[in-house]
Amino acid sequence: MKYGSVCSGIEAASVAWEPLGWQPIFFSEIEPFPSSVLSHHWPQVPNLGDMTKFKEWPYGPKSVDLLVGGTPCQSFSVAGLRCGLDDQRGNLALIFARMADHLRPRWIVWENVPGVLSSNGGRDFGAILGALQELGYGWAYRILDAQYFGVPQRRRRVFVVGYLGDWRFAAAVLFERESLRGNPKASPKEKKDIAKCLTRGIAQRLDPETETMIAFAQNSRDEIRFEGGHGKRTGALSHGGGKPGQGYPAVVGKVGVRRLTPTECERLQGFSDGHTLVIHRGRAAADDPRYKALGNSMAVPVMRWIGKRIAEVERILVS
């Protein structure tokens with residue numbers, strides 16, 4: 001399987017799919033630090049930069065079998081301004097569809113935050129799916145949570161899989177017979193103290209954007225910003241910081257809140273230790289860009305599961 005990756009980041013897709021023997025043909029990433037990670041791990045794969053200039057790239061129809069990308073989520077996030085497709089970043093989702101029309105891969109895989117489902121009353125997501133359908137792609141979508149794929153974080157994301165010509169092949173990738181029976185197991189009894197202090201002065205809440213747990217320090221009168229925060233009094237357990245208001249990844253312990261290390265964040269996303277510890281601008285990468293790149297990445301085990309499912313459908317189709 002040959003694939004092209006856009007909004008590549010630090011390439012969770014390639015890490016996930018290398019064991020399958022799949023081959024990346026090109027990347028598309030404009031951020032400097034993720035680009036350094038790409039050139040370190042995959043020096044033979046061209047990074048073509050700005051995805052909006054795809055018609056200038058030396059690739060045409062059928063040059064790749066699969067197109068994958070997680071276009072920017074900020075415009076669809078429930079924590080953002082919800083500009084949707086009117087935002088330049090949100091409009092990259094439609095650029096992704098135009099790329100599919102230009103390259104005509106058999107498969108497409110697109111990822112975003114669950115907020116895309118309700119953006120503009122659901123019309124934005126409908127426009128994206130409608131565009132794919134007009135291009136001849138049958139599609140299926142599903143929310144997958146990384147915690148059920150072997151990593152210790154709750155990270156829910158929408159995944160759209162499309163197949164050129166038949167929606168049943170896309171559906172076969174994402175849907176499992178057990179999930180369609182209508183008799184799911186009962187959820188564990190909710191405990192009132194789950195969101196209370198784990199230790200004195202430490203509490204948690206759920207981040208509506210990333211749907212990951214947020215830890216914050218507090219006293220009897222007000223919340224306090226813990227070390228590493230950037231103007232906001234919280235820090236996400238699994239979302240990288242660097243921009244004002246994001247904070248740093250943090251973990252709750254018996255002695256209080258501490259910042260997660262970049263290595264721990266790599267493990268949370270399913271990367272090997274040191275994946276983001278590369279030479280950037282002539283020196284070893286600092287922590288801040290590593291946090292940000294990991295927070296923006298897909299979870300490797302989820303992408304590996306999707307890849308295995310696609311490979312199995314391909315095997316059945318060929319046989």
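Throughout, numbering of the chain's residues begins at 1 and tracks the sequence.
Taking L277 as the reference, R290 meet the side-chain contact (heavy atoms from CB on, under 4.5 Å) condition, with sequence neighbours excluded. The salt bridge (charged side-chain N to carboxylate O under 4.0 Å, His left out) test applied to D101 returns R104, not counting sequence neighbours. For Y137, there are no ring pair (Phe, Tyr, Trp, His ring centres under 6.0 Å) partners at least two apart in sequence or on another chain. For the side-chain contact (heavy atoms from CB on, under 4.5 Å) test, residues two or more places apart in sequence or in another chain that qualify with V151 are A146, Q153, P301. Under the ring pair (Phe, Tyr, Trp, His ring centres under 6.0 Å) criterion, F159 pairs with no residue, sequence neighbours left out. Considering only residues two or more places apart in sequence or on other chains, F149 meets the ring pair (Phe, Tyr, Trp, His ring centres under 6.0 Å) condition with W305. Scored by the side-chain contact (heavy atoms from CB on, under 4.5 Å) test, Q133 finds W139 as partners (sequence neighbours excluded). Partners of H40 according to the ring pair (Phe, Tyr, Trp, His ring centres under 6.0 Å) rule, which considers only residues two or more places apart in sequence or in another chain, do not exist here. For S63, there are no side chain to side chain donor-acceptor pair (under 3.5 Å) partners two or more places apart in sequence or in a different chain.
Note on residues 58-72: pairs passing salt bridge (Lys or Arg N to Asp or Glu O under 4.0 Å), not counting sequence neighbours, are D65-R106. Listed by first then second residue, pairs satisfying salt bridge (Lys or Arg N to Asp or Glu O under 4.0 Å) with a partner in residues 10-37 number zero, not counting sequence neighbours. Every pair passing side-chain hydrogen bond (donor to acceptor under 3.5 Å, both in side chains) that includes a residue from residues 160-175 is listed here, sequence neighbours excluded: D166-R168.
With contacts defined as side-chain heavy-atom distances shorter than 4.5 Å, the pair W22/L66 qualifies. A heavy-atom distance below 4.5 Å is not found between the side chains of I128 and N112. The shortest side-chain heavy-atom distance between V116 and D124 does not fall under the 4.5 Å cut-off. Contact check for L164 versus L135: no side-chain heavy atoms found under the 4.5 Å cut-off. Inter-residue side-chain proximity for V64 and Y59 is flagged as unmet; no heavy-atom pair is nearer than 4.5 Å. In this structure, W107 and V68 have side chains that are not in contact, with every pair of non-hydrogen atoms separated by 4.5 Å or more.
Atom CG of L103 and atom CZ of R98 lie 14.0 Å apart (nearest 0.5 Å). Atom-to-atom distance recorded for M99:CE and S28:OG is 6.0 Å, nearest 0.5 angstrom. Taking CZ of F26 as the start and OG of S8 as the end, the distance is 8.5 Å to the nearest 0.5 Å. A distance of 10.5 Å separates OG in S14 from CD in Q23, rounded to the nearest 0.5 Å.
Looking at E266, its side chain does come within 3.5 Å of a backbone N or O of G274 through a donor-acceptor pair.
Between R267 and E264 no salt bridge is recorded (no basic side-chain N to carboxylate O distance below 4.0 Å).
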